[in-house]
Peer 1: 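Questions regarding the structure given below will be posed in turn.
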Amino acid sequence: MNQPCKYHPATEALWFCRHDGLFLCQQCVDGREDNLVEARCLLCNQDVEATGQSGGGPLWQQLERCLRLPFTPVLLPVLLVWGLVAALIPPVPELLALTLLGGVPAFGFGQAIMAARTHPRRGRAVVAVPGWDALSSGLGWKGALLQAAPALLVLLLAGALMLFFSVPVGLVVGALLLLLVPALWLAIQVQGAEPGSYAAAPTYLVSVPRDYAVAAGLASVGGLLVVAVLLVAVDVMPSPLVQSLGGVLAAVWWLSLAALCGEMLGRHGRLWGINTGSARVTTPLAARRQNVQLCAGRYDKVLLSTAKIVKTKKATVADWQRLDRLLQVLGREDERRANAEPYLDALVSAENWSAARQLIAEQQQRQPQWLPGDPGLRWVLARGLYDLDPKLVVNLLKEMHERHPEFSELGNAYLLLARTLAEKFGLAGKAEQYLRFVESHCRDARLRQQVAEYRAAWGA
């Protein structure tokens with residue numbers, strides 16, 4: 001199976017950091033998926049290397065994994081079906097086509113394995129072994145049959161030559177023609193399920209010669225080994241068992257070759273115009289680094305970087321929320337209290353009144369009489385919380401003339417306080433005290449006019 005990312009288990013690991021011993025996805029790396037030089041681990045800033053399933057290392061290193069794939073629990077019935085059908089049909093050349101019906105599940109799974117690497121689901125790990133539901137839709141059967149056709153023709157031609165001419169001639173011709181089968185399979189998968197796609201096969205033969213040599217070697221040598229095993233078995237085993245063994249080995253060869261071709265599609269898909277790989281990372285680098293550090297439990301580093309961010313003009317509410325949460329997790333309550341008012345100012349600037357109210361409530365749990373000291377912040381908070389929490393509005397504005405007598409918006413603040421008392425609590429008499437204060441201390445004609453309007457409204 002493909003290795004999942006350490007910190008995003010639902011995503012395939014494209015990189016490996018030897019310094020920390022971690023498998024990482026693109027979200028956890030600073031660099032591009034197709035640039036091995038620039039890619040660096042976001043935790044230690046050391047170079048990372050591509051994992052085996054994403055293009056790192058020679059293809060032959062994946063041979064063992066591809067050869068084990070047919071023996072996974074999901075694919076074992078595919079081997080058994082072909083072996084059972086082959087055992088039940090008599091060894092008559094005319095019935096060979098009927099024997100190939102046992103390989104239909106193998107054809108479908110071979111196409112599904114390659115398709116999973118050709119068009120991986122964004123943000124999810126590539127599925128190494130598709131389930132049986134991959135055969136139920138029928139959408140891939142045209143491609144499966146077009147991929148099966150050349151391989152079956154080669155096997156039939158080689159068998160006919162062995163039967164009517166000589167075994168060596170059939171083996172040599174079959175081995176040479178099997179060298180082309182991976183290119184034909186890749187052509188159908190890349191170009192589309194159309195017979196004309198076969199014409200593109202030479203492209204995949206020459207564009208990645210070293211990797212193609214591995215796939216071609218498995219196709220040719222694997223086919224020869226299957227025939228060799230059967231030629232030995234025919235002398236020591238009953239005919240039905242030899243036929244059954246032939247069906248099982250054919251299924252193993254077919255699925256292993258499909259897995260290796262799928263590996264090539266995953267590695268070189270971009271070269272061939274497909275397989276854009278994992279979703280392009282759009283999250284800013286700083287945010288990704290903090291996220292990875294949080295996943296790794298490196299809270300002090302995140303706290304240091306976040307504290308620097310909130311001191312800049314580009315700080316967002318999310319930055320302040322992260323800083324407050326980190327301070328809470330780390331038990332730094334003194335720093336939380338010191339940052340409460342700047343955090344509140346950020347919430348007010350974002351007009352996030354519910355969060356501002358919650359922050360004040362949390363502060364008052366620690367300090368029952370706590371309120372922001374800045375009169376301008378109190379005034380803006382009172383306006384935003386007028387409908388949400390009238391009681392808090394009263395606490396924010398009352399006695400402001402004693403604490404901040406020089407506050408330029410004192411008249412407006414007391415008009416709002418009077419309105420809150422009268423309209424939210426029905427205390428028109430209490431509100432009149434603040435109206436008289438505005439009337440006697442403020443010379444602004446607009447404020448005096450509002451005082452008159454309020455009295456007329458409440459008197460009615």
Side-chain angles (χ1 to χ4, degrees), residues 309-321 323-324 336-460:
I309 292 174
V310 298
K311 293 178 182 179
T312 66
K313 295 181 179 180
K314 296 182 179 180
T316 64
V317 171
D319 295 324
W320 279 102
Q321 289 174 336
L323 177 63
D324 186 66
R336 285 190 77 195
R337 285 193 291 270
N339 284 318
E341 195 159 330
Y343 180 17
L344 191 59
D345 191 34
L347 293 173
V348 168
S349 298
E351 298 185 357
N352 192 339
W353 307 115
S354 58
R357 179 191 182 193
Q358 178 65 28
L359 177 59
I360 294 174
E362 290 177 359
Q363 286 297 111
Q364 289 181 341
Q365 287 179 356
R366 293 186 288 267
Q367 297 174 275
Q369 303 302 319
W370 186 91
L371 285 172
D374 180 37
L377 181 56
R378 287 195 181 198
W379 160 234
V380 178
L381 271 170
R383 286 190 298 173
L385 295 171
Y386 177 75
D387 291 316
L388 190 62
D389 194 341
K391 183 178 179 180
L392 181 56
V393 171
V394 173
N395 290 331
L396 287 166
L397 299 179
K398 69 180 182 179
E399 300 176 356
M400 188 173 283
H401 67 285
E402 297 178 358
R403 296 189 180 95
H404 308 284
E406 303 300 326
F407 180 47
S408 60
E409 296 290 340
L410 183 58
N412 285 316
Y414 272 3
L415 281 178
L416 179 61
L417 178 55
R419 181 184 168 195
T420 304
L421 291 169
E423 295 182 359
K424 296 297 184 180
F425 299 100
L427 301 174
K430 186 71 172 177
E432 178 62 25
Q433 298 178 14
Y434 293 98
L435 294 181
R436 286 199 298 268
F437 180 91
V438 174
E439 196 172 39
S440 61
H441 289 79
C442 301
R443 297 181 180 181
D444 191 332
R446 182 182 58 82
L447 295 179
R448 291 172 177 269
Q449 178 63 31
Q450 281 187 277
V451 169
E453 290 174 359
Y454 284 165
R455 281 175 175 160
W458 301 333

Peer 1: Step by step, work out the side-chain contact (heavy atoms from CB on, under 4.5 Å) result for E399 and L417.
Peer 2: CA-CA 10 Å; E399 300 176 356; L417 178 55; over 6 Å; no

Peer 1: Any chance you could measure S354, atom OG, to L385, atom CG, to the nearest 0.5 Å?
Peer 2: 9.5 Å

Peer 1: Please check if the side chain of E341 supplies one atom and the backbone of D374 the other of a donor-acceptor pair under 3.5 Å.
Peer 2: yes

Peer 1: For R403 and K398, work out which heavy atoms get closest and say how close.
Peer 2: NH1-O, 3.2 Å

Peer 1: What are the two closest heavy atoms between V380 and V348, and how far apart are they?
Peer 2: CG1-CG1, 3.2 Å

Peer 1: Below 4.0 angstrom, N of the basic side chain to O of the carboxylate: do E409 and R383 qualify?
Peer 2: no

Peer 1: Mind listing the closest non-hydrogen atom pair of G411 and C442 along with its distance?
Peer 2: CA-SG, 3.7 Å

Peer 1: Given the rule in the ring pair (Phe, Tyr, Trp, His ring centres under 6.0 Å) test, do Y414 and H441 qualify, once you have shown the distances and angles that lead to the verdict?
Peer 2: CA-CA 11 Å; Y414 272 3; H441 289 79; 9.1 Å; no

Peer 1: Report yes if the side chains of K424 and K391 come closer than 4.5 Å at any heavy-atom pair, otherwise no.
Peer 2: no

Peer 1: Does any part of the side chain of E439, heavy atoms only, come nearer than 4.5 Å to the side chain of L447, both counted from C-beta?
Peer 2: no

Peer 1: Please report the closest heavy-atom contact between P372 and L344, naming both atoms and the distance.
Peer 2: CG-CD2, 3.9 Å

Peer 1: With the side chain counted from C-beta on, respond yes when Y434 and L415 share a heavy-atom pair under 4.5 Å apart, and no when they do not.
Peer 2: no

Peer 1: Could you tell me the separation between the CD atom of Q363 and the CZ atom of R336, rounded to the nearest 0.5 Å?
Peer 2: 7.0 Å

Peer 1: How long is the span from the CH2 atom in W379 to the CG atom in L396, to the nearest 0.5 Å?
Peer 2: 11.5 Å

Peer 1: Using the ring of each side chain (for Trp, its six-membered ring), is Y343 parallel, tilted or perpendicular to W320, with breaks at 30° and 60°?
Peer 2: parallel

Peer 1: For the residue pair I360 and D389, establish whether any side-chain heavy-atom pair is separated by less than 4.5 Å.
Peer 2: no

Peer 1: State, to 0.1 Å, how close A431 and A418 come at their nearest heavy-atom pair, and which atoms those are.
Peer 2: CB-O, 3.2 Å

Peer 1: In Å and rounded to the nearest 0.5 Å, what is the NZ to CG distance from K430 to L435?
Peer 2: 12.5 Å

Peer 1: When you measure from the centre of the six-membered ring of W353, is the NZ or CZ of R357 under 6.0 Å away and within 45° of the axis?
Peer 2: no

Peer 1: At their closest point, which heavy atom of L347 faces which heavy atom of V317, and how far apart are they?
Peer 2: CD2-CG1, 3.5 Å

Peer 1: Is L388 close to V393 at the side-chain level, that is, under 4.5 Å between some pair of heavy atoms?
Peer 2: no

Peer 1: Roughly how far, to the nearest 0.5 Å, is CG of L381 from CG of D345?
Peer 2: 9.0 Å

Peer 1: Would you confirm whether H404, through its side chain, and L410, through its main-chain N or O, come within 3.5 Å as a donor-acceptor pair?
Peer 2: no

Peer 1: Got a second to check how far D319's CG is from K311's NZ, nearest 0.5 Å?
Peer 2: 14.0 Å

Peer 1: Just checking, any donor-acceptor pair under 3.5 angstrom between side chains of Y386 and E423?
Peer 2: yes

Peer 1: Can you confirm whether D324 sits close enough to Q321 that some side-chain heavy atom of one is under 4.5 Å from a side-chain heavy atom of the other?
Peer 2: no

Peer 1: Return yes when atom CD of E406 has more than 12 non-hydrogen atoms of other residues, nucleotides or ligands closer than 6.0 Å, and no otherwise.
Peer 2: no

